[in-house]
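Only one structure is covered here, and it is reproduced in the block below.
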Amino acid sequence: MSLRIVTGRAGAGKSAFMKREIVQASEAQPLGSPIFLIVPDQMSFSSEYALTTTGDLHGLIRSQVTTFKRLAWRILQETGGISRQEINGFGYRMLIRSLLEEHQDDFTLFKKAASKRGFTDQMEMLLKEFSRYCLDGDTLTSLEETLKSVQAPRTLQDKAHDLSVLLQALEDRLGTTFVDSEGYFALLSRQLHQSEMIKEATVYVDGFVSMTTREYEILGELMKTAKRVTISLPLHNEEEDLYNEQSLFHHAAKTAARLKEMAREASVEIEPSIHVNESSRFTSEDIRHIEVNLNTYPAPALEESENVTIIEAENRRAEIHGVARQIRQLVRDEHMRYQDIAILYRQADVYDELIETTFAQYDIPVFINRKKPMLHHPLIEFSRSAFEAVLKGYSFEPMFRAIKTDLFFPLHGDVITWRERADRLENYVLSQGIYGDRWFDEKRWHVKKYRGLEFHTKNQTDEERAIQADITSVRDLVTLPLQRFAEKIECCKTGIETAQALFELMEELQIYEKLQALKDTENEQGQLLLATEHEQAWSQWIDVLDQFVLMFGNEELSPEASLRLLEEGFDTLEFSRIPPSLDQVIVATVDLSRLSKIRASFVIGVNDGV
């Protein structure tokens, strides 16, 4: 049992040092005791790829790249506890919405806000933060009593009371049957000492600067159980960085100090720190100079070269056009590939649309590494709108939101033709004031385009009969499935019955087959990124129904309550994007990007305060 810390500035070779050690150990004894490399979620794939391509190592048996969550699954499979049913992000959000409605009368400060849209999202983030920092219901109850005893402001007392009520209700609901995504970490920290695999293992931790209380708790157990724990931290001078709060590496130095203190308290051997200074990442002296002196004032001067260029632009659009022209020049004259180029920014909401539209003009393939909400995907919009249309008496807005998803139209039908027919139906419905039961009143669907002196005559011309036949056929295509769905919904008493009725509507309309046809069409048109979305949408839609049934399947729920809970689940859905082709310019945020083998990067939007 020992702790070793590897330090060094950015690009100094800390990760490379650890990977070399892992590769050497794996080559020497391919079937030896386990080696774990623990990294943040966003680094898992790149770290695993880098490890398998280092040296002559062509596969991993002894060594494993893992995250804290994947490590928890492995340990719980060995020691027990993995049998709990997992509540993922969709189920967790729906569960919080249900608890807010159930305990709304018990709240004092949150009573009015509990039913507001977006409040569930705020509570979800807060409750997950509580879990990461080991705050449970008993702790909040104790805090509430303390606030009362010191006569804290009334608002603060009420907030502590409401959070205590919500957290206690959440813990009671999860019990020993369910576990949320953060709950795995608590189970891991409690059961690590029982793992025979960890007792024989060597553990490396890379990619972290600061950690949550729960992560410190897990690392403390690893130090007491594993043979050796090696942790890399970005540090220049450990002592100076610790006592200088303005230092760029102050947070990392505090992390190192806390880890050493935990090791001393647990009687774990602390090995001498290893300071790495290979500077293997930066091939340009200019980049190396910026890395060292970015936070130094006044910064020492360096003779100007062409490796770093500062671009000024009148506005953002001119800035992006300048970047696009520069990328074309690099590809044409410097023989770079698009995959060698990256764009970094902070203001995704400002730049994403500009980059997509501008780069299309220059025929530059681009991949924007962001999560896109799924709420407006045809499948999700159709589910919400069809459900709402039935509950609200076939009102105009939800009916035509559902129709305009194109999912009522026949499979392999001409979408353009059917959209035109749907537009004619919409115009007729608006002109005749059709809503509610009028959708099924045949008198309302008698088309009379031309009127003469015989104002009340029902005689129609051939043109009027053709228009009526066209409109009513589109109407029947929409209303007949919805009528059958409404009949099923009226008989639903529990959550599982509601979910079954919704799924049967999707099966009746061949929704999955229509999404596959849409995917094939977009692949043929070269819209690779859009084509990847439909499979994800269907898969996550199924996940929401599964989580809904898992949490509320046997509960008595009205259709209205079911719709509110399902909408909370749909609100959480996001597309996970991966590059659909190899040769693309990568656009990513400065904070979360993990890019390697980039030959040219553009950092855009670098103004004061950004």
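- In summary, E182 and K128 do not engage in a salt bridge, as defined by a charged side-chain N under 4.0 Å from a carboxylate O.
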Please step through ring-ring contact (aromatic ring centres under 6.0 Å, His included) for the pair F408 and F382, ending with a clear verdict.
CA-CA 9 Å; F408 275 115; F382 178 83; 5.0 Å; yes
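- Note that the CD1 atom of I87 and the CD1 atom of I96 stand 11.5 Å from one another [nearest 0.5 Å].
- Classification of D162 and K159 as a salt-bridged pair fails, no side-chain N sitting under 4.0 Å from a carboxylate O.
- Of the inter-residue distances, the one linking S539 atom OG with H534 atom NE2 reads 14.5 Å to the nearest 0.5 angstrom.
- Using bins of under 30°, 30° to 60° and over 60° for the plane-to-plane angle, the ring pair Y345/Y351 lands in the tilted bin.
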- Query: Between D340 and R337, does a side chain to side chain contact (heavy atoms under 4.5 Å, CB included) hold up when you go through it step by step?
  - Reply: CA-CA 5 Å; D340 299 328; R337 296 184 64 182; 3.7 Å; yes
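- The line from CZ of F185 to NZ of K69 is 7.0 Å long, rounded to the nearest 0.5 Å.
- Side chains of R132 and T212: a donor-acceptor N/O pair is absent below 3.5 angstrom, by distance only.
- Side-chain atoms of T498 come within 3.5 Å of backbone atoms of T494 as a donor-acceptor pair (strictly under, hydrogens ignored).
- No donor-acceptor distance shorter than 3.5 angstrom exists from the side chain of R328 to the backbone of D363, with no hydrogens or angles considered.
- Classified by interplanar angle (parallel below 30°, tilted 30° to 60°, perpendicular above 60°), the ring pair Y394/F440 is perpendicular.
- The aromatic rings of F110 and F107 sit perpendicular to each other, their planes meeting at more than 60°, with 30° as the lower class boundary.
- Remark: R475 CZ to R444 CZ distance equals 13.0 Å, nearest 0.5 Å.
- No salt bridge links K392 with E397; every basic N to acidic carboxylate O contact stays at or beyond 4.0 Å.
- One N or O on the side chain of R214 and one on the backbone of S131 form a donor-acceptor pair closer than 3.5 Å.
- Ion pair R97/E124 not flagged as a salt bridge, since none of the NZ, NE, NH1 or NH2 atoms sits closer than 4.0 Å to an Asp/Glu carboxylate oxygen.
- At distances below 3.5 Å, not a single donor-acceptor pair connects side-chain atoms of S98 with backbone N or O atoms of M94.
- Under the 3.5 Å distance criterion, the side-chain polar atoms of R438 are matched with a main-chain donor or acceptor of G433.
- A salt bridge is absent between E508 and K488: the closest approach of a Lys/Arg side-chain nitrogen to an acidic carboxylate oxygen does not fall below 4.0 angstrom.
- For the side chain to side chain contact (heavy atoms under 4.5 Å, CB included) criterion with F602, the lone passing option out of L344, I341, I320 is I341.
- In this structure a side-chain-to-backbone donor-acceptor pair under 3.5 Å is present from T66 to L71.
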>> ring-ring contact (aromatic ring centres under 6.0 Å, His included), that's the test. Do F387 and F570 meet it? Break it down for me.
In response: CA-CA 13 Å; F387 211 138; F570 294 147; 9.3 Å; no
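- The backbone N or O of F575 sits nowhere less than 3.5 Å from a side-chain atom of K372 that would complete a donor-acceptor pair.
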Item to complete: Determine, stepwise, if the pair E504 / Q500 fulfils side chain to side chain donor-acceptor pair (under 3.5 Å).
Response: CA-CA 6 Å; E504 287 174 356; Q500 184 176 347; 3.1 Å; yes
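- Q432 places no side-chain N or O within 3.5 Å of a backbone atom of Y428 that could act as its donor or acceptor partner.
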Practice problem: May I have the step-by-step check of ring-ring contact (aromatic ring centres under 6.0 Å, His included) for F90 and F548, ending in yes or no? | Solution: CA-CA 8 Å; F90 320 136; F548 176 76; over 10 Å; no
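- A tilted orientation is assigned to the rings of W439 and W445, their planes being inclined by 30° to 60°.
- No donor-acceptor distance shorter than 3.5 angstrom exists from the side chain of E319 to the backbone of I604, with no hydrogens or angles considered.
- With hydrogens and angles left out, the side-chain atoms of Q483 and T479 include no donor and acceptor closer than 3.5 Å.
- Cation-pi check for R421 over W418 is met; the charged atom lies under 6.0 angstrom from the ring centroid and within 45 degrees of its normal.
- Note that OG1 of T589 and CD1 of I368 are 12.0 Å apart. Values are rounded to the nearest 0.5 Å.
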